[in-house]
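Worth knowing before you read on, the calculation uses all heavy atoms, side chains too, and leaves out hydrogens, waters and symmetry mates.
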Amino acid sequence: QVQLAESGGGLVQAGGSLRLSCAVSGRTIFGDRMAWWRQAEGKSRAFVAAHWSGDMTLYTDSVKGRFTISRDNAKNTVYLQMNSLKPEDTAVYYCAAGSPYRSITFSWAYDYWGQGTQVSVSS
């Protein structure tokens with residue numbers, strides 16, 4: 001069975017940094033589009049970043065220049081480096097995997113999801 005295990009979340013002050021990891025088991029991520037989504041309390045799940053086709057990336061406007069998505073295929077792991085964190089970045093962050101032939105910013109395009117990791121940014 002496929003499992004996506006996020007880690008690296010925590011509490012950080014505004015302006016700080018965190019690096020999230022998503023370790024995938026039961027499936028190689030080599031040919032998949034990998035993405036990070038987040039869900040703030042009281043809000044719907046929102047697209048954050050995606051990585052596919054070797055080095056293709058897409059970021060939502062609010063994180064552009066601050067967040068970087070990357071992967072290590074040898075480790076079957078995806079990362080989200082988050083710098084200059086803001087209180088509005090506070091959310092549960094989810095890792096997702098799907099076919100690169102599907103839409104990028106729609107949640108239904110992703111087949112596998114992790115359980116999420118909490119990121120809290122204080123003022």
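The minimum heavy-atom distance between F106 and S103, with the atom names listed, is CD1-CB, 3.6 Å. Closest approach of D111 and S99 over heavy atoms only: OD2-N, 4.3 Å. Between L80 and W36 the shortest heavy-atom distance is CB-NE1, 3.5 Å. Closest of all the heavy-atom pairs between C95 and E6 is N-OE2, 2.7 Å. When every heavy atom of M82 is checked against every heavy atom of Y93, the shortest pair comes out as SD-CE2, 3.9 Å. Of all heavy-atom pairs between W52 and P100, the closest is CD1-CB, 4.2 Å.
Under the 4.5 Å side-chain heavy-atom criterion for ILVMFWY residues, a single connected hydrophobic cluster contains both V12 and V48. Taking hydrophobic clusters as Ile, Leu, Val, Met, Phe, Trp and Tyr residues chained together by side-chain heavy-atom distances below 4.5 Å, Y110 shares a cluster with M56. In the hydrophobic cluster analysis, where Ile, Leu, Val, Met, Phe, Trp and Tyr join through side-chain heavy atoms closer than 4.5 angstrom, V92 is grouped together with W113.
To the nearest 0.5 Å, the span separating CD on Q39 from OG on S107 amounts to 10.0 Å. Note that CD1 of I29 is 9.0 Å distant from NE2 of H51, once rounded to the nearest 0.5 Å. Taking CD of E41 as the reference point, atom OG1 of T90 lies at 10.5 Å (rounded to 0.5 Å). Between the CG atom of N76 and the CZ atom of F30 there is a distance of 11.0 Å, given to the nearest 0.5 Å. The structure places CG of L58 at 9.0 Å from CZ of R33, a figure rounded to the nearest 0.5 Å.
Remark: E88 CD is packed, more than 12 non-hydrogen atoms of other residues, nucleotides or ligands lying under 6.0 Å away.
L11 forms part of no hydrophobic cluster, judged by ILVMFWY side-chain heavy-atom separations under 4.5 Å.
Every residue two or more places apart in sequence or in another chain that forms a side chain to side chain contact (heavy atoms under 4.5 Å, CB included) with A40 is listed here: K43, A91. Under the ring pair (Phe, Tyr, Trp, His ring centres under 6.0 Å) criterion, F67 pairs with no residue, sequence neighbours left out. Taking R45 as the reference, nothing meets the salt bridge (charged side-chain N to carboxylate O under 4.0 Å, His left out) condition, with sequence neighbours excluded. Contacts of D32 classified as side-chain hydrogen bond (donor to acceptor under 3.5 Å, both in side chains), with partners at least two apart in sequence or in another chain: R27. In this view, Q118 and S120 satisfy the side-chain hydrogen bond (donor to acceptor under 3.5 Å, both in side chains) rule, not counting sequence neighbours.
Here the side chain of R19 pairs no donor or acceptor atom with the backbone of Q81 at under 3.5 angstrom.
A side-chain donor-acceptor contact under 3.5 Å links S17 and N83.
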Working note: I69 + Y59, criterion side-chain contact (heavy atoms from CB on, under 4.5 Å); need CA distance, chi angles, decisive distance, verdict. CA-CA 9 Å; I69 185 172; Y59 299 91; 3.5 Å; yes

CA sep, side-chain torsions, deciding dist, call: V119, L18, side-chain contact (heavy atoms from CB on, under 4.5 Å): CA-CA 9 Å; V119 172; L18 287 172; 3.9 Å; yes

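Judged by the 6.0 Å distance and 45° axis criteria, R38 is not positioned over the aromatic ring of Y94.
In this structure, M34 and V24 have side chains that are in contact, with non-hydrogen atoms separated by less than 4.5 Å.
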